[in-house]
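Source: prediction; values computed, not measured. The figures here come from the full heavy-atom set of this structure, side chains too, leaving out hydrogens, waters and symmetry mates.
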Amino acid sequence: MKITLRIWRQAGKDAPGRLVSYQRDDVSPDMSFLEMLDVLNEDLIAKGEEPVEFDSDCREGICGMCGLVINGEPHGPQVTTTCQLHMRSFEGCDSITIEPLRADAFPVLRDLVVDRSPLDRIIQAGGYVSVNTGSAPEAHSQLVPKVHADRAFDAAVCIGCGACAAACPNASAMLFLGAKVTHLGELPQGQPERDARVVNMLNQHDEEGFGGCTNVGACATACPKEIPLDVISQLNKDLRHSLVRGL
């Protein structure tokens, strides 16, 4: 495959950035997207040039580190993570534009690397439960209805990649926040902090500079784990309940 890569290059947080073109004539359709960037970087290093900085870790679609905007879409043209995307998805494509995740709360650190620590601070604000340390409890000591367990699991698959905020025209992370609130709120272990959780996490979300949700739905479309949009409705429901209780 012959492809022109147009990649965002930026030396630092306060430096100006620009798209730089690289011509590749040896791209295998079986390469993963990140493997293709690895090969590009090997060639750049061999030429004495600066390699392209990008985030990755597990490369198994689990950690959420590899978020990129590819041809204007977070994670690219398929509903998957960037690391699970393969170059055969671009057969017949002459050029690929690769940019960092775009959101005010995600400042670019270098090239394709952004600071996603705001998501960590949202979790720290309330994404936890009160538990006693010690041995694991008996699995059947507290029964959970299957409908609640399934709902919690559907929300728990969120990997915190930030694609929802990058896809949202308001740069809102409400799908991420809704997933975390729903995951814990559906389980009995999450009830003690349920009211305070939604207030504290939402306040942190706004403090980090994320925008508000206007129900566009682009977040759910871009989510590689297909988190349902209605977790935002659950977030709003929990928020109303907490306000009634005066938290």
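- Lys225 has its side chain out of reach of Cys161: every pair of non-hydrogen atoms, C-beta onward, lies at least 4.5 Å apart.
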Item to check | Stepwise side-chain contact (heavy atoms from CB on, under 4.5 Å) check, Leu187 with His148 | outcome: CA-CA 7 Å; Leu187 300 175; His148 295 304; 5.7 Å; no
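- How far CG of Leu37 is from CD of Glu42: 11.5 Å, rounded to the nearest 0.5 Å.
- Rounding to the nearest 0.5 Å places CD of Glu186 at 8.5 Å from CD of Gln191.
- Connection of Val27 to Leu68 is established within a shared hydrophobic cluster, with ILVMFWY side chains joined at heavy-atom distances below 4.5 Å, either directly or through further cluster members.
- Using a 4.0 Å cut-off between charged nitrogen and carboxylate oxygen, Glu50 and Arg110 count as a salt-bridge pair.
- Ionic pairing of Arg59 and Asp57 is not present here: no N-O contact between side-chain nitrogen and carboxylate oxygen is shorter than 4.0 angstrom.
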Next on the checklist: Run Phe210 and Phe106 through side-chain contact (heavy atoms from CB on, under 4.5 Å) and show every step you take.
Outcome noted: CA-CA 9 Å; Phe210 291 106; Phe106 294 152; 3.8 Å; yes
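- Side chains of Arg121 and Gln124: no donor on one and acceptor on the other come within 3.5 Å.
- Contact detail for Gln84 and Gly61: the closest heavy-atom pair is NE2-N, 3.8 Å.
- Hydrophobic clustering of Ile, Leu, Val, Met, Phe, Trp and Tyr side chains at less than 4.5 Å, counting indirect connections, keeps Val157 apart from Ile159.
- Within the 4.5 Å cutoff, the side chain of Asn71 has heavy atoms near those of the Ile96 side chain.
- The existence of a salt bridge linking Lys2 and Asp94 is excluded, since no basic side-chain nitrogen approaches an acidic carboxylate oxygen closer than 4.0 Å.
- Side-chain N or O atoms of Arg194 include none that pairs as donor or acceptor with a backbone N or O of Val181 at under 3.5 Å.
- Contact annotation: the side chain of Ser32 never approaches that of Leu85 to less than 4.5 Å [non-hydrogen atoms, C-beta and beyond].
- Under 3.5 Å, the side chains of His75 and Thr82 contain a donor-acceptor pair of N or O atoms.
- Between Cys158 and Lys180 there is a side-chain heavy-atom pair separated by less than 4.5 Å.
- Of all heavy-atom pairs between Ala173 and Leu119, the closest is CB-CD2, 4.4 Å.
- Within a 6.0 Å sphere centred on CG of Asp104, heavy atoms belonging to other residues, nucleotides or ligands number 12 at most.
- Counting heavy atoms from C-beta on, the side chains of Val129 and Pro192 never come closer than 4.5 Å.
- When each of Leu112, Val113, Val69 is tested with Leu101 by the rule side-chain contact (heavy atoms from CB on, under 4.5 Å), just one qualifies, namely Val69.
- Grouping the Ile, Leu, Val, Met, Phe, Trp and Tyr side chains by contacts below 4.5 angstrom, directly or via other members, places Val79 apart from Leu229.
- Within the 4.5 Å cutoff, no side-chain heavy atoms of Asp195 are placed close to those of Asp238.
- Side-chain N or O atoms of Glu99 include none that pairs as donor or acceptor with a backbone N or O of Ile70 at under 3.5 Å.
- The pair Asp115-Lys13 fails the salt-bridge criterion, with no side-chain N (NZ, NE, NH1 or NH2) lying under 4.0 Å from an Asp/Glu carboxylate O.
- Annotation: the span from Phe33 atom CZ to Ser89 atom OG amounts to 10.0 Å, rounded to 0.5 Å.
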Next on the checklist: Under the criterion side-chain contact (heavy atoms from CB on, under 4.5 Å), I'd like the reasoning laid out for Leu19 against Thr97: C-alpha separation, chi angles, the key distance, then a yes or no.
Outcome noted: CA-CA 8 Å; Leu19 288 169; Thr97 300; 4.1 Å; yes
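- In summary, Lys237 and Asp230 do not engage in a salt bridge, as defined by a charged side-chain N under 4.0 Å from a carboxylate O.
- To the nearest 0.5 angstrom, Tyr22 atom OH is 12.5 Å from Thr4 atom OG1.
- In this structure, Ser28 contributes its side chain and Asp30 its backbone to a donor-acceptor pair below 3.5 Å.
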Checklist entry - Taking it one step at a time, do Arg18 and Val20 satisfy side-chain contact (heavy atoms from CB on, under 4.5 Å)? => result CA-CA 6 Å; Arg18 63 190 180 94; Val20 178; 3.6 Å; yes
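- Linking Ile, Leu, Val, Met, Phe, Trp and Tyr residues whenever their side-chain heavy atoms come within less than 4.5 Å places Met1 and Leu40 in a single cluster.
- Across all their heavy atoms, Ser56 and Leu34 have their closest contact at CB-CD1, 3.7 Å.
- Using a 4.5 Å heavy-atom threshold, the side chains of Pro100 and Arg102 count as touching.
- To the nearest 0.5 angstrom, Asp38 atom CG is 11.0 Å from Asp43 atom CG.
- Of all heavy-atom pairs spanning Pro228 and Arg151, the tightest one is CG-NH1, 4.0 Å.
- Linking ILVMFWY side-chain heavy atoms closer than 4.5 Å, directly or via other members, places Val39 and Ile45 in two distinct hydrophobic clusters.
- A side-chain donor from one of Asp25 and Gln23 sits under 3.5 Å from a side-chain acceptor of the other.
- A distance-only check finds a donor-acceptor pair linking the side chain of Arg197 to the backbone of Gly126 [under 3.5 Å].
- With sequence neighbours left out, Asn215 forms a side chain to side chain contact (heavy atoms under 4.5 Å, CB included) with Cys213.
- At a threshold of 4.5 Å between non-hydrogen side-chain atoms, the residues Met174 and Leu235 count as touching.
- Between Val114 and Asp55 the shortest heavy-atom distance is O-OD2, 4.1 Å.
- To the nearest 0.5 Å, the span separating CZ on Phe153 from NE2 on His183 amounts to 9.5 Å.
- A pairwise comparison of heavy atoms in Val144 and Pro188 identifies CG2-CD, 3.7 Å as the closest pair.
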